[in-house]
Participant: 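Sharing a structure below in structure tokens format, with a few things to ask.
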Amino acid sequence: MKREDLKELGLDSEKIDSIMKLHGQSINDIKDKYTDYDELKAQNDNLTKQVSKNDKDLKALRSQAKDNEELSNQIKSLEADNKAFKENSEKQINQMKLDNAVDGVLSNNNVRNGKAVKGLLDMDNVKLDENGKLTGLDDQIAGLKKSDSYLFDMGKKQDYNPDDGNHEPSGAEILKDAWG
């Protein structure tokens, strides 16, 4: 969002300043949520390198220990452990990607309390495809906006006025007006 875009919409500089201030606050809130992203990425890179190194070391050991059955069994055990570690790491990374994508969508939909809304979502139906696109979430959010709209910040709404200003005073109001 740029100031020039807001000026083109015909907003005065005071309103633009207010909008930019609110926008800055929301950007800072998002940054605060993802402060550990770089650290997690570095950890992921290090763990990926470690798994690759372990695979190479195991292959080298296997070639050296062709005749030793006990050592071969130990290598097979280490390979299985390494494979399990790799699968578990990938599963955790995919879950973090899904959680971050869901948090982003919830933030874009002006959710007041992300934890409360996540508790109402059927996360088994929410999937993240190879392109990083979420499926199964938009319909659930639309349903929640209808059934539990208080969870979403929809901006200011007009006050509820059921009689369109044609209010007839009650007996108590008439007596109050008459007696002062």
Side-chain angles (χ1 to χ4, degrees), residues 1-6 9 11 14-55 77-165 167:
M1 180 182 314
K2 297 180 182 176
R3 290 183 177 273
E4 293 81 29
D5 297 335
L6 296 173
L9 293 174
L11 296 175
E14 186 177 303
K15 288 181 182 177
I16 291 174
D17 289 341
S18 298
I19 290 171
M20 293 306 286
K21 181 180 177 185
L22 290 172
H23 181 66
Q25 288 173 347
S26 64
I27 294 296
N28 287 335
D29 290 343
I30 290 170
K31 283 182 182 178
D32 290 344
K33 287 182 183 178
Y34 301 107
T35 54
D36 58 350
Y37 171 77
D38 292 331
E39 180 182 330
L40 292 173
K41 187 174 185 210
Q43 278 182 334
N44 180 40
D45 291 343
N46 289 337
L47 291 174
T48 302
K49 288 176 186 176
Q50 181 181 355
V51 168
S52 297
K53 181 187 175 296
N54 289 349
D55 284 341
S77 172
L78 289 172
E79 285 175 335
D81 291 347
N82 199 24
K83 182 179 178 183
F85 176 77
K86 193 175 189 178
E87 289 172 354
N88 188 32
S89 295
E90 288 175 2
K91 190 176 184 181
Q92 287 177 343
I93 289 169
N94 289 335
Q95 185 61 44
M96 284 191 322
K97 286 180 181 178
L98 176 68
D99 289 342
N100 286 337
V102 168
D103 288 342
V105 169
L106 293 178
S107 177
N108 289 341
N109 280 283
N110 298 322
V111 172
R112 292 179 192 262
N113 185 338
K115 284 184 181 181
V117 172
K118 271 188 174 179
L120 296 172
L121 295 173
D122 182 6
M123 293 302 290
D124 293 335
N125 292 330
V126 177
K127 304 291 180 208
L128 188 67
D129 65 13
E130 298 84 30
N131 300 328
K133 192 170 187 180
L134 284 171
T135 58
L137 185 62
D138 292 336
D139 293 338
Q140 292 186 55
I141 289 177
L144 284 174
K145 282 184 177 180
K146 288 180 184 174
S147 65
D148 299 306
S149 61
Y150 61 91
L151 294 171
F152 299 87
D153 184 8
M154 305 300 227
K156 284 194 168 186
K157 292 190 175 186
Q158 298 273 333
D159 289 337
Y160 177 65
N161 194 355
D163 58 9
D164 296 328
H167 176 69

Participant: Could you tell me the separation between the CG atom of N44 and the CD atom of E90, rounded to the nearest 0.5 Å?
Facilitator: 9.5 Å

Participant: Indicate whether the side chain of Q95 and that of D99 have a donor and an acceptor atom separated by less than 3.5 Å.
Facilitator: yes

Participant: Take N94 and L128 through the test side-chain contact (heavy atoms from CB on, under 4.5 Å) and record every step on the way to the result.
Facilitator: CA-CA 8 Å; N94 289 335; L128 188 67; over 6 Å; no

Participant: Got a donor-acceptor contact below 3.5 angstrom from the K133 side chain to the E130 backbone?
Facilitator: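 No, because the side chain of K133 does not come within donor-acceptor range (under 3.5 Å) of the backbone of E130.
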
Participant: Measure the NZ-CD distance between K83 and E79 for me, rounded to the nearest 0.5 Å.
Facilitator: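 Interatomic distance, K83 NZ to E79 CD, rounded to 0.5 Å: 10.0 Å.
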
Participant: Say whether, by atom type as modelled, one donor and one acceptor occur between the side chain of S52 and the main chain of T48 under 3.5 angstrom.
Facilitator: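 Between the backbone of T48 and the side chain of S52 there is a qualifying donor-acceptor contact (under 3.5 Å).
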
Participant: Measuring only between side-chain heavy atoms, which start at C-beta, is N125 closer than 4.5 Å to D139?
Facilitator: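 The answer is no; the side chains never approach within 4.5 Å.
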
Participant: Using 0.5 Å steps for rounding, measure from the CD atom of Q140 to the CG atom of L120.
Facilitator: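 Rounded to the nearest 0.5 Å, the CD-CG separation comes out at 10.0 Å.
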
Participant: Is N88 reaching over with its side chain to a backbone N or O of A84, donor-acceptor style, under 3.5 angstrom?
Facilitator: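 Side chain of N88 to backbone of A84: no pair is present.
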
Participant: In this structure, which one of V102, D148, V111 forms a side-chain contact (heavy atoms from CB on, under 4.5 Å) with V117?
Facilitator: V111

Participant: Would you compute the distance between atom CG of N109 and atom CG of L137 and round it to the nearest 0.5 angstrom?
Facilitator: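 If I round to the nearest 0.5 Å, the distance is 8.0 Å.
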
Participant: When rounded to the nearest 0.5 angstrom, what distance separates CE in M123 from CG in L98?
Facilitator: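 Rounded to the nearest 0.5 Å, the CE-CG separation comes to 4.5 Å.
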
Participant: Output the distance between atom CG (L106) and atom CG (N113), rounded to the nearest 0.5 Å.
Facilitator: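 Atom-to-atom, L106:CG and N113:CG are 10.0 Å apart.
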
Participant: Start with the C-alpha distance between L78 and N54, add both sets of side-chain angles, then the distance that settles side-chain contact (heavy atoms from CB on, under 4.5 Å), and finish with yes or no.
Facilitator: CA-CA 9 Å; L78 289 172; N54 289 349; over 6 Å; no

Participant: Quick one: closest heavy-atom pair of A116 and L151, and the distance?
Facilitator: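 Closest heavy-atom pair between A116 and L151: CB-CD2, 4.4 Å.
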
Participant: Check the surroundings of atom NZ in K86: do more than 12 heavy atoms from other residues, nucleotides or ligands lie under 6.0 Å from it?
Facilitator: no

